[in-house]
Amino acid sequence: MRYSKLLIPTLKEAPAEAQVTSHILLVRGGFIRKVAAGVYSLLPLGMRVVAKIQNILREELGRSGAQEVLLPMVHPAELWQESGRWQKYGPELLRFKDRKGADFAMSPTAEEAVCDLVRRDVRSYRQLPINLFQIQDKFRDEMRPRAGLMRGREFIMKDGYSFHATEEDAKREYKNMYDAYVRIFKRCGLDFRAVEADTGAIGGSLSHEFQVLAESGEDSIVACDKCDYAANVEKAELKRGSMVDGPQSTATGQIQELHTPGKGGIDVVAKFLREDVKRFVKTLIYVADGKPVIALVRGDRGLNELKLKALLGAETFELASDTVVTQVTGAAVGYAGPQGRGVLVYADLEVAAIPSAITGANKTDYHVRGFNLLRDVPDAKVVDLRTAAGGDPCARCDGGSYRAFRGIEVGHVFFLGTKYSEPMKVNFLDAEGKENAAVMGCYGIGVTRIAAAAIEQHHDQDGIKWPVQLAPFQVSIVTAGKEPELAEAAEKLERELEARGVEVLYDDRDERPGAKFATLDLIGLPRQVLIGPKGLAEGKVELKDRRSGERELVSLDAAIDKLGGKA
RNA sequence: CGGGGCGUAGCGCAGCCUGGUAGCGCGUUCGGUUCGGGACCGAAAAGUCGGAGGUUCAAAUCCUCUCGCCCCGACCA
């Protein structure tokens, strides 16, 4: 393929709106262009990368026995009303009316649609199990799309759904998909971890996320350095034992007020008072089913909202608004304390272990020193509330401890049970002639997000360093000079490699060599062939590996063999 | 949705405070020179200054409203 025939609008400067590496490089390299917030067009190079990912998905899923279908993107409201999600899903579900005024939604996920498909035609356990997947544009009206393809509103997703006669069989398939996902992400050249995860709004009881390790990731995960336990921090367990029965301190001093004008927030106050944040008690106010609740964690810790939510058994659960906080504490935000508020108080185990803590005074511009949980809030419920962090002992083994990572979620597998099949009446007759709801699993992969994640892991100052399997072309050819022999050699190489099934991009632009080198490094093709007059005089061309930077001089025929052999 | 920031040529930005001829770099077009790591010289095309309203003799600039975009948080998965 000739460079001059493709639309590859590269940019020297990064667009102002892009902050994240993958976003900048995708735009600069001419892979994508923005159309609206979180909505992008894929240009030829971007489309090629996506096609590579899709091919890997199709091959591996096919190998695992899943069948490809294509469900509609536009779903009638009735389907979502049937599952109850028309009410539950919230504004992230883009809704609209057709000309007759009937309600529809753009599909953010397709449990309803696939259930509707399967229930019509699957009647017997003899037709099960069945595993259907599709690769399709999805739309989620995110409050805050960001970082290009990492978190768009419209994005390409592979979503799969399996139906089973028994729970055992669904779990068998879960494992089957899990294994397929491992193969897929390996083939994509990604450094990833499968982690235990919360099941969130989709529901169900068993779930793993596939997280690509990258600093720019939105998720926090912990992984044991000794055993293979790894989990999203939302889900990560803390080791039972030490803290549960741990030290409950007795008070060592009286409460005394501290004047901390304009110093809201733990870090600011800690700095102001020159005290360790570990001696602080963080007071968080939540609203659970309409009633305020106070949650306490140590100053340096995060609250695991899922733990508290589960503990309360609350339907709705959210961080209180500033107005509610002010109401509850009688002070400005930043000065909340747990004392004497007549509100249910849940304290983390670690909070009970601090003999003399610093916390908010429930009085604007004041904190208190000498706070002791057991003395000062005797009816507080002391429980495990905090988020796991790096350095914590592993909950699943002896002697291991957690290491913390940032991750980009590129895949997610769920065991769903009958959460959707029951309300959607996906029923079948079993061997005894009894009607049962099918047991389901669902499996997602963010196709466009994989492209972004791959760049986050593989780039340098000059641009992208695509893993061969995802690269839009495997080989690029550049000539340095105007001599006709150079172009002849380049064309021969192009012809020979393409005949061997290698995807080649021959940069035939009338540009200076430096400009061509720079763009090819930017778009990140893994192998470059540089044909220059000096080398060619001796019948040699230069091979450059984009990822390692290694170069070698070989004959034209050797180049053909070398690059053509591993297509 | 809360907080912060930005909308001026395809892209990156200056001009706005202190109202008066719309400017720079990159890119693009034409001509010439150059040719192994984003060349140089010369000429040129290209902008409803996000939109609406207001103040004013006069608005990119001041005021009001509005739309869009980015970042942090919350939300979501």
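Letters A, B, ... mirror the listed sequences (proteins, then strands); counts begin at 1.
Side chain to side chain, A/Glu456 and A/Ser216 meet the donor-acceptor criterion of an N or O pair below 3.5 Å. Defined by atom type and a distance below 3.5 Å, a donor-acceptor pair is present between the side-chain atoms of A/Tyr420 and A/Arg85. A donor atom on one side chain and an acceptor atom on the other are found under 3.5 Å apart for A/Arg509 and A/Thr519.
B/C75 makes up no base pair with any nucleotide shown, lacking Watson-Crick or G-U wobble contacts both under 3.5 Å. Nucleotide B/C65 has B/G51 as its partner under the Watson-Crick or G-U criteria, with both atom distances under 3.5 Å. Remark: B/C57 base-pairs with B/G20; criterion is Watson-Crick or G-U wobble with both hydrogen-bond distances under 3.5 Å. The partner of B/C11 is B/G25, judged by Watson-Crick or G-U wobble contacts that both fall below 3.5 Å. Across all strands shown, the partner of B/A39 is B/U33, judged by Watson-Crick or G-U wobble contacts whose two distances both fall under 3.5 Å.
Rounded to an integer number of Å, the gap from CZ of A/Arg151 to P of B/C69 is 17 Å. Here B/C75 presents its C1' atom at 15 Å from CZ of A/Arg153, a figure rounded to the nearest Å. Rounded to an integer number of Å, the gap from A/Gln528 CD to B/G36 P is 16 Å. B/U33 atom C1' lies 16 Å from atom CD of A/Glu511, rounded to whole Å. Counting to the nearest Å, the P atom of B/C26 and the CG atom of A/Leu11 are 15 Å from each other. When rounded to the nearest whole Å, the span between CZ of A/Arg146 and C1' of B/C75 equals 10 Å. Rounded to a whole Å, the CD atom of A/Glu542 is 13 Å from the P atom of B/G36. The CD-P distance, from A/Gln19 to B/G4, rounds to 18 Å in whole Å.
Tested against A/Val478, the residues A/Phe517, A/Tyr3, A/Tyr506 include a single side chain to side chain contact (heavy atoms under 4.5 Å, CB included) partner, A/Phe517.
In the set B/C76, B/A39, B/G25, the nucleotide with an atom closest to the side chain of A/Arg512 is B/A39. You'll find that the side chain of A/Ala37 is closest to B/C70, out of B/C13, B/C70, B/G25. The listed nucleotides are B/G12, B/C35, B/G38; the one nearest the side chain of A/Pro513 is B/C35. The side chain of A/Lys482 lies closest to B/C35, out of B/C35, B/C76, B/G38. Closest contact between the side chain of A/Pro533 and the listed nucleotides B/G36, B/C69, B/G38 involves B/G36. Comparing B/G38, B/G12, B/C69 against the side chain of A/Ala515 picks out B/G38 as the nearest.
Taking atom P in both B/G4 and B/C76, the straight-line distance is 24 Å, to the nearest Å. Of the C1' atoms belonging to B/G15 and B/U8, the separation is 9 Å, rounded to the nearest Å. Across the P atoms, B/G38 and B/C26 are found 15 Å apart, a figure rounded to whole Å. The C1' atoms of B/G19 and B/U56 are separated by 9 Å, rounded to the nearest whole Å. Rounded to whole Å, the separation between the C1' atoms of B/G31 and B/G25 comes to 22 Å. A distance of about 43 Å separates the C1' atoms of B/C70 and B/U33, rounded to the whole Å. Nucleotides B/A60 and B/G23, compared at atom P, are 14 Å apart to the nearest Å. For B/G5 and B/A9, the P atoms lie 22 Å apart once the distance is rounded to whole Å.
Counting non-hydrogen atoms under 4.0 angstrom, A/Arg449 reaches nothing in the nucleic acid. Residue contacts for A/Ala18: at a heavy-atom cut-off of 4.0 Å it reaches no nucleic acid atom on any strand shown. Within the 4.0 angstrom heavy-atom criterion, base atoms lie near A/Asp219. Residue A/Lys534 is out of contact with every strand shown, counting any heavy-atom pair closer than 4.0 Å. When heavy atoms are screened at a 4.0 angstrom cut-off, A/Arg551 is found touching base atoms of the nucleic acid. Residue-level contact check: A/Lys544 touches the bases, meaning some heavy atom is under 4.0 Å from a base atom.
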Carefully, step by step, assess A/Lys419 and A/Glu111 under the rule side-chain contact (heavy atoms from CB on, under 4.5 Å).
-> CA-CA 10 Å; A/Lys419 183 179 164 90; A/Glu111 284 79 6; over 6 Å; no
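Within 3.5 Å, no donor on the side chain of A/Arg28 pairs with an acceptor on the base of B/G12, nor the reverse.
The distance from the CD1 atom of A/Ile477 to the NZ atom of A/Lys516 is 11.5 Å, given to the nearest 0.5 Å. Between the CZ atom of A/Phe31 and the CG atom of A/Leu149 there is a distance of 10.5 Å, given to the nearest 0.5 Å.
Each of A/Asp510 and A/Glu409 has a nearest nucleotide on RNA chain B; the 5'-most of these lies closest to A/Asp510. Mapping A/Asn232 and A/Pro145 onto RNA chain B by nearest heavy atom places A/Pro145 closer to the 5' end of the strand.
At the phosphate of B/G27, OP1 or OP2 sits under 4.0 Å from a side-chain N or O atom of A/Lys12.
Aromatic ring orientation, A/Tyr443 versus A/Tyr181: perpendicular (interplanar angle above 60°, classes split at 30° and 60°).
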